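To start, the structure itself, in structure tokens.
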Amino acid sequence: MLWSLSPFGEAKVGIPYGLLNGVNIYLVFAGCFFANVLVFPIMHFFLTKINKYLLKWHYYKKSAIYVARKAKDGSGEKIKKYGFIGLIFFVMIPVPGTGVYAGSIASYIFKMEKKRAFAANAVGIFFSSVIVWVTTVLAMKGAA
């Protein structure tokens with residue numbers, strides 16, 4: 001579950017890690033999914049409350065602008081064109097640079113309503129978790 005909370009892997013790493021360490025396949029899915037969903041409220045709080053105070057520091061501001069540009073470049077066209085559905089697909093794709101952290105930042109940058117952004121992130125996390133979970137289970141059984 002800690003991997004699923006981490007920006008260094010999210011559920012994309014948490015699910016295979018749990019499965020490869022012998023944790024019940026359903027418990028791994030549920031735990032990693034819910035841990036990954038918890039990231040959105042944490043990130044939303046950080047971006048709306050704490051971020052504005054940290055932006056006063058040059059190095060933080062420089063890093064924040066870099067991360068915001070990466071999130072905007074990676075998701076910008078999809079979210080501008082498709083909105084809610086675009087954010088779901090951006091979060092859903094289980095590759096590095098996508099996921100709930102980038103989705104949270106993108107929804108903040110594009111000023112999406114909090115409830116819609118949370119729903120899009122949660123749906124995207126669910127489908128991403130299913131993809132990773134099924135692929136890992138099949139690979140462990142030698143079918144993938």
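In this chain, residues are counted from 1 in sequence order. As a basis for the values below, the full set of heavy atoms in this structure was taken, side chains included, without hydrogen atoms, waters or symmetry mates. Remember, it's a predicted structure, so these values are computed and weren't measured experimentally.
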Kindly indicate, with the supporting measurements, whether the criterion side chain to side chain contact (heavy atoms under 4.5 Å, CB included) is fulfilled by Y82 and F90.
CA-CA 11 Å; Y82 301 109; F90 178 70; over 6 Å; no
Restricting to non-hydrogen atoms, name the atom on [X] and the atom on [Y] that form the minimum distance, rounded to 0.1 Å.
{"X": "F118", "Y": "P41", "answer": "CE1-CD, 4.2 Å"}
{"X": "A11", "Y": "V132", "answer": "O-CG1, 4.1 Å"}
{"X": "L19", "Y": "I25", "answer": "CD2-CG2, 3.3 Å"}
{"X": "V100", "Y": "E10", "answer": "N-OE1, 3.0 Å"}
{"X": "A64", "Y": "L55", "answer": "CB-CD2, 4.0 Å"}
{"X": "G124", "Y": "V91", "answer": "C-CG1, 3.8 Å"}

Using 30° and 60° as the class limits, which term best fits the ring planes of Y60 and F46: parallel, tilted or perpendicular?
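The arrangement is perpendicular - the two ring planes meet at more than 60°.
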Classify the ring geometry of F29 against F126: parallel below 30°, tilted from 30° to 60°, perpendicular beyond 60°.
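Judged by the thresholds at 30° and 60°, the geometry between F29 and F126 is perpendicular.
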Find the distance between OG1 (T136) and NZ (K12) and round it off to the nearest 0.5 Å.
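Separation between the atoms: 13.0 Å.
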Please answer whether the main-chain N or O of [Y] pairs with a side-chain N or O of [X] as donor and acceptor at a distance below 3.5 Å.
{"X": "S6", "Y": "L2", "value": "no"}
{"X": "T48", "Y": "H44", "value": "yes"}
{"X": "N121", "Y": "A117", "value": "yes"}

Apply side chain to side chain contact (heavy atoms under 4.5 Å, CB included) to the pair I15 and S129, showing each step before the final yes or no.
CA-CA 8 Å; I15 290 171; S129 296; 3.8 Å; yes
F84 atom CZ, over 12 foreign heavy atoms within 6.0 Å
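Counting neighbours around CZ of F84, more than 12 heavy atoms of other residues, nucleotides or ligands fall under 6.0 Å, so yes.
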Return yes when atom CH2 of W133 has more than 12 non-hydrogen atoms of other residues, nucleotides or ligands closer than 6.0 Å, and no otherwise.
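More than 12 within 6.0 Å, yes.
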Joint hydrophobic cluster, M140 plus V137, side-chain heavy atoms closer than 4.5 Å
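Per the 4.5 Å side-chain linkage, M140 and V137 are co-clustered.
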Does the pair L5 and L38 meet the rule for a side chain to side chain contact (heavy atoms under 4.5 Å, CB included), with working shown?
CA-CA 7 Å; L5 286 169; L38 281 176; 4.2 Å; yes
Using the rule given for side chain to side chain contact (heavy atoms under 4.5 Å, CB included), can you reason through F33 versus I125, listing the C-alpha separation, both sets of side-chain angles and the distance that settles it, and then say yes or no?
CA-CA 7 Å; F33 168 71; I125 293 164; 3.7 Å; yes
